[in-house]
Amino acid sequence: MTVTLAMPFDVNIGLSNRLVFVGTMGQANDPARSRKFRQAAVAYLHVALLYEMTAYVLIREGLLPTRFGPPVMWLILGGVLGGSIVLALYLWQNVWFARIIWVVHGLRLRALIGGA
């Protein structure tokens, strides 16, 4: 059975022994969408851990500059920022937030390739 809802654009939702709710932005909050955001949160958790471990190694080797403050402070702030992004992706599940995070990482690509 297929139900068509009148939204800003037409959304066709198939019902099969479960009810799928349509959010305020016209997006179906189905399990597949939720699973994708949970996967993105876990993937970003890995990215954040890689950044933290890299910063830790740089601190240990004395390669991180101290002109912007103590490196340990930046290590802690980076962990808080990474954790909050993971929680936002996991709980908030906002498409625009995920897009902004993707663009910010894309802006770093030139610096990462240049240092490789």
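As the structure is a computational prediction, the values presented were derived from the model and not from experiment.
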Which heavy atom of [X] sits nearest a heavy atom of [Y], and at what distance?
{"X": "Gly78", "Y": "Glu52", "answer": "C-OE2, 3.0 Å"}
{"X": "Ala40", "Y": "Leu89", "answer": "O-CD1, 4.0 Å"}
{"X": "Ile101", "Y": "Ile85", "answer": "CD1-CD1, 3.8 Å"}
{"X": "Leu64", "Y": "Ala55", "answer": "CD2-O, 4.4 Å"}
{"X": "Ala48", "Y": "Gly82", "answer": "CB-CA, 4.1 Å"}
{"X": "Pro71", "Y": "Pro65", "answer": "CG-O, 4.4 Å"}

ILVMFWY cluster, Trp102 and Tyr44 together (side-chain gap under 4.5 Å):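 Each belongs to a different hydrophobic cluster.
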Under a single-linkage definition using a 4.5 Å side-chain heavy-atom cutoff for Ile, Leu, Val, Met, Phe, Trp and Tyr, are Val42 and Val86 assigned to the same hydrophobic cluster?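 No; Val86 is not reachable from Val42 via cluster members.
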Determine whether His46 and Leu50 satisfy the following criterion, side chain to side chain contact (heavy atoms under 4.5 Å, CB included), listing intermediate values before the conclusion. CA-CA 6 Å; His46 287 92; Leu50 286 173; 5.5 Å; no
Distance, nearest 0.5 Å, that separates CG of Leu75 from OG1 of Thr54: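 The distance works out to 10.5 Å.
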Once you round to the nearest 0.5 Å, how far does CG of Leu81 lie from CD1 of Ile76?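 With rounding to 0.5 Å, CG (Leu81) is 14.0 Å from CD1 (Ile76).
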Do Val95 and Phe37 come within less than 4.5 Å of each other through their side chains, counting heavy atoms only? yes
Any side-chain heavy-atom pair of Arg33 and Asp30 under 4.5 Å: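 Counting from C-beta outward, Arg33 and Asp30 do come under 4.5 Å.
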For Trp74 and Phe68, indicate whether the former's side chain and the latter's backbone hold a donor-acceptor pair under 3.5 Å.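 A pair under 3.5 Å: yes.
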With a 6.0 Å cut-off (strictly less than), is the heavy-atom count around OH of Tyr56, excluding the residue itself, greater than 12? no
When you measure from the centre of the six-membered ring of Trp96, is the NZ or CZ of Arg99 under 6.0 Å away and within 45° of the axis?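 That pair qualifies as a cation-pi contact.
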Aromatic ring pairing Phe97/Trp92, orientation class (parallel under 30°, perpendicular over 60°, tilted between):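 Tilted, since the angle between the ring planes falls between 30° and 60°.
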